[in-house]
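Beneath this line is the structure, given in structure tokens, with notes to follow.
Hydrogens, waters and symmetry mates play no part in the numbers below; they use all other heavy atoms, side chains included. Source: prediction; values computed, not measured. Numbers restart at 1 for each chain; the letters A, B, ... are given by sequence-line order, proteins then strands.
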Protein chains: 4
Amino acid sequence: MSDRERDTGENAPKFRRRKEARPDELLDAALDLFTEQGFDRTTVEQIARRAGVSKGALYLYFPSKDAVIEALVDRAVGPIVGEVVTQIEGYRGDPRVLLKRFAPLFAARMSDPRIVAVPKLVVREAVSHPQLAQMYRERVIGRAVPALTALFRQGSEDGYIRPVDPDMAVRCLLGPVLMHLLLADVFGIRVEGATPGDIGIARLLDAHLSIFFAGLEPAPEQEAPHG
Amino acid sequence: MSDRERDTGENAPKFRRRKEARPDELLDAALDLFTEQGFDRTTVEQIARRAGVSKGALYLYFPSKDAVIEALVDRAVGPIVGEVVTQIEGYRGDPRVLLKRFAPLFAARMSDPRIVAVPKLVVREAVSHPQLAQMYRERVIGRAVPALTALFRQGSEDGYIRPVDPDMAVRCLLGPVLMHLLLADVFGIRVEGATPGDIGIARLLDAHLSIFFAGLEPAPEQEAPHG
Amino acid sequence: MSDRERDTGENAPKFRRRKEARPDELLDAALDLFTEQGFDRTTVEQIARRAGVSKGALYLYFPSKDAVIEALVDRAVGPIVGEVVTQIEGYRGDPRVLLKRFAPLFAARMSDPRIVAVPKLVVREAVSHPQLAQMYRERVIGRAVPALTALFRQGSEDGYIRPVDPDMAVRCLLGPVLMHLLLADVFGIRVEGATPGDIGIARLLDAHLSIFFAGLEPAPEQEAPHG
Amino acid sequence: MSDRERDTGENAPKFRRRKEARPDELLDAALDLFTEQGFDRTTVEQIARRAGVSKGALYLYFPSKDAVIEALVDRAVGPIVGEVVTQIEGYRGDPRVLLKRFAPLFAARMSDPRIVAVPKLVVREAVSHPQLAQMYRERVIGRAVPALTALFRQGSEDGYIRPVDPDMAVRCLLGPVLMHLLLADVFGIRVEGATPGDIGIARLLDAHLSIFFAGLEPAPEQEAPHG
DNA sequence: AATGAATGAGTTTTCATTCAT
DNA sequence: TATGAATGAAAACTCATTCAT
């Protein structure tokens, strides 16, 4: 809600209130509604009404209802993997060190419900809108996963971690976290000592990395990383 | 699955009057279509046609379209956790031994697309049909997860594995597998040396358990399991 | 309910229970349901079920749903005006004497809800089934009203009552009673000292005839009825 | 009726965008069709078409088909009993004088087929739409009948008419008229010298009041009204 | 004679999209 | 730009009627 106000500073022309913010307001409204009800059960009327405009106005900005969800994902998908991937790609050393450094950032970012809402939406609507999944694969997964794969491969080859199948290692790294983020509200069961509805991504991340990192420890009789 | 075949063999009477098999045939057709198109985009007409009956006939067996998806999940949800849970509950010893024993069975079962189709469907339709998720939570998750939690707690207390948060350990165990099963066709990217569309649940399971089990290894200076 | 048992005496063949009573049972069931819900909102299935037979069996006795309501009215319309009309037609004298004699019989007969149910039904369904009203007009109204008209005409001509338009007099005689019988459950309002839902046809009849008969009194200076 | 014509004149803008008149046009169309065919046999499509709009447009103004008939009755039920009741309530004197004064007004009003169409409709649809009858009872019958009852009671107590049960007297007054208005086209039989389909409410009213008033005449040996 | 599974035309209702204003 | 009235193509659901058994 707060970031919906963004870009509406004092220097905007007085008479045309945040005209150029309209598309974003519509996308915000749409995301909320799609999240609550699903794409098919959300009407264009509802989106427009929640954004405070008329049904017809939506069609000034988007050619169709499908275009709305597409723009929605498009908007969200851009900034996800940025320099992080670059940093991973440039890294040499124990993968665990780098991952440990990124973990809190990742946890913090993923604690924003409006950020996780988009991939959740994509999971649900992918059957009827394959292009959404395609965008995710091309612009998020397709960049992050190879970087991580390379990270594990390098770490493995250089002896920082024991030999593992790097493709699988990536999946093992991400699995528990993504499962929690994307499926917990469907399949999640209560855990004692957790906020209802959220066991806390940080708590899970801690436990997961602790086990996962230990599982990657090179065999003791092995030499230290070369050089 | 086996009893779905019953009475639809070559020796079936005449093509009509198969009252007993009809509901199952309709559910099969519905599952296919829901999987391909999603619930909202599948019409009752389509379901009926694929099952080889008329639209009206569907309503002889199900009071509404919603009842179809509910029956679908209900039918699938029953046999999932059976004696497996009982065996887990009765187990004493290293959790990893038990899990290693179950892994191939689990992998085999989950290789059947019609079995994984149901939880995938639930993930997608849970927003508009919360009762589906509820069924899963009550009858699958709510039975399997506590059993596994207890398994890890016991293994941890008895020193077979190092001390871990058992709730989180369960999530770490299941995460990579479930993520792959439920999300791979949305977010999955190609992996070299894998069948297109499937990296092979067995391959993932191997790699995952290898890392995960290693990560649970008790510290070497610790005593052997008590007694 | 009791008269549905009629004709099922001990001497009926044991194995084919009251086969020939089936149509009547179906008509009884249909009348109940049409009265409760209206013709269009009653399904053939409901009629059959209430009569204790299957849907298909109904079609052994009636060619269509329309035929059921027609048979229903036909069955009820026959015995209404019988010898009563004959007696009215043969009468000579003060119409009020004759009417007073018939009033209790009429009241008694009309207190049976299953008897008034039919004309009520006809009122409601006449738009879509004009033939029902036609039957009523031909076989009930068309016989009773002319007889009554003649009764008033004769009474008027012979000086028993003051000169009145006999056509209108009939309507004035019947109006309050029929209005009460046919419309009271729609438009009727509560009357103190009356059974809820029924002010009592007898009470109305008393008051009505008292006023109506007084209103027909010949003028005092008139001669007594001619010799 | 008069304001229903508003804005539909020749000078209407363009044939479109007549938002204000639309509901009334739809109600007019619906009343015609319900009268001709009954509620259940009239489709929403027919109503819309007769009103010159599309099926979907009807749902811009009414949330359901049921809402149409309800609005129909609601619109008609308001203006029926207005100041007439007030005048009756304030009256002191011979009830017959007042009734005679109102009779022509009543007859004139009830000669409009579109006015009587509504109560006729209510009679027919009351089984499936009890709220319609309820509206009539609360807002028409429940106001007019008590006023008339009081009128007779007062007239009776003050000696203008002979002692009568006022509740019944009201029913005797209204019976012939309402029966004719509401039931004549179902049960009515031809009367010589009458327009086909209508014996003339005025003619009936004349005859009825003549008899009814005479029937209320105080006994001659009685004193004149009080004082 | 009796059943009830099966049909499919018909009905209400929804909603993305258009377009006159 | 913006509105919202209007459209019409679906879609879920019903039910009288048929017919194989």
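Looking at the side chain of C/A57, the nearest of the listed nucleotides E/dT12, E/dA2, E/dT17 is E/dA2. Considering only side-chain atoms of C/L60, the nucleotide from E/dT7, F/dA2, E/dA2 that sits closest is E/dA2. The side chain of D/K55 lies closest to E/dT13, out of F/dT3, E/dT13, E/dA6. Out of E/dA16, E/dA6, F/dC13, the shortest distance to the side chain of B/S64 is found at F/dC13. Between E/dG4, F/dT3, E/dT18, one nucleotide has an atom nearer to the side chain of A/Y59 than all others, and that is E/dT18. Between E/dT12, F/dA6, E/dT7, one nucleotide has an atom nearer to the side chain of B/V53 than all others, and that is E/dT7.
Checking B/T42 against C/E45, the closest nucleotide of DNA chain F that is more toward the 5' end is the one next to B/T42. The residue among C/T43 and D/G52 whose nearest nucleotide of DNA chain F lies closer to the 5′ end is D/G52. Residue order along DNA chain E, read from the 5' end via each residue's closest nucleotide, puts C/G56 first among C/G56 and A/G56.
For F/dT1, the OP1/OP2 oxygens have no side-chain nitrogen or oxygen of A/R22 closer than 4.0 Å. At E/dA2, one or more side-chain N or O atoms of C/Y61 fall inside 4.0 Å of OP1 or OP2 (strictly under the cut-off).
Although no hydrogens or angles enter the test, the distance criterion places no donor-acceptor pair under 3.5 Å between the side chain of A/K55 and the main chain of A/I47. A donor-acceptor pair is defined here as one N or O able to donate and one able to accept, closer than 3.5 Å; such a pair exists between the side chain of D/Q46 and the backbone of D/T43.
If you check every strand for non-hydrogen atoms under 4.0 Å, D/S54 touches a base.
Within the shown strands, F/dA9 is the pairing partner of E/dT14 under the Watson-Crick or G-U definition, both distances less than 3.5 Å. Across all strands shown, E/dT3 is found opposite F/dA20 as a Watson-Crick or G-U wobble partner, with both distances under 3.5 Å.
Separating the CD atom of D/Q37 from the C1' atom of E/dT11 is a distance of 14 Å, rounded to the nearest angstrom. The nearest whole Å value for the distance from the CD1 atom in D/I69 to the P atom in E/dT12 is 13 Å. The interatomic distance linking B/D40 (CG) with E/dC15 (P) rounds to 10 Å, in whole Å. One can place CZ of B/R41 at 11 Å from C1' of E/dA16, the figure rounded to the nearest angstrom. When rounded to the nearest whole Å, the span between CG of D/L26 and P of F/dA5 equals 13 Å. If you take CG of C/L58 and P of E/dG4, they are 14 Å apart, rounded to a whole angstrom. Atom P of nucleotide E/dC15 and atom CG of A/D66 are separated by 16 Å, given to the nearest angstrom.
In terms of heavy atoms, C/S64 sits closest to C/Y59 at CA-CE2, 4.1 Å.
Cation-pi check for B/K65 over B/F39 is met; the charged atom lies under 6.0 angstrom from the ring centroid and within 45 degrees of its normal.
With salt bridges taken as basic N to acidic carboxylate O contacts below 4.0 Å, one links C/D24 and C/R75. Comment: C/E125 does not engage D/R41 in a salt bridge, judged by the lack of any side-chain N to carboxylate O separation of less than 4.0 angstrom.
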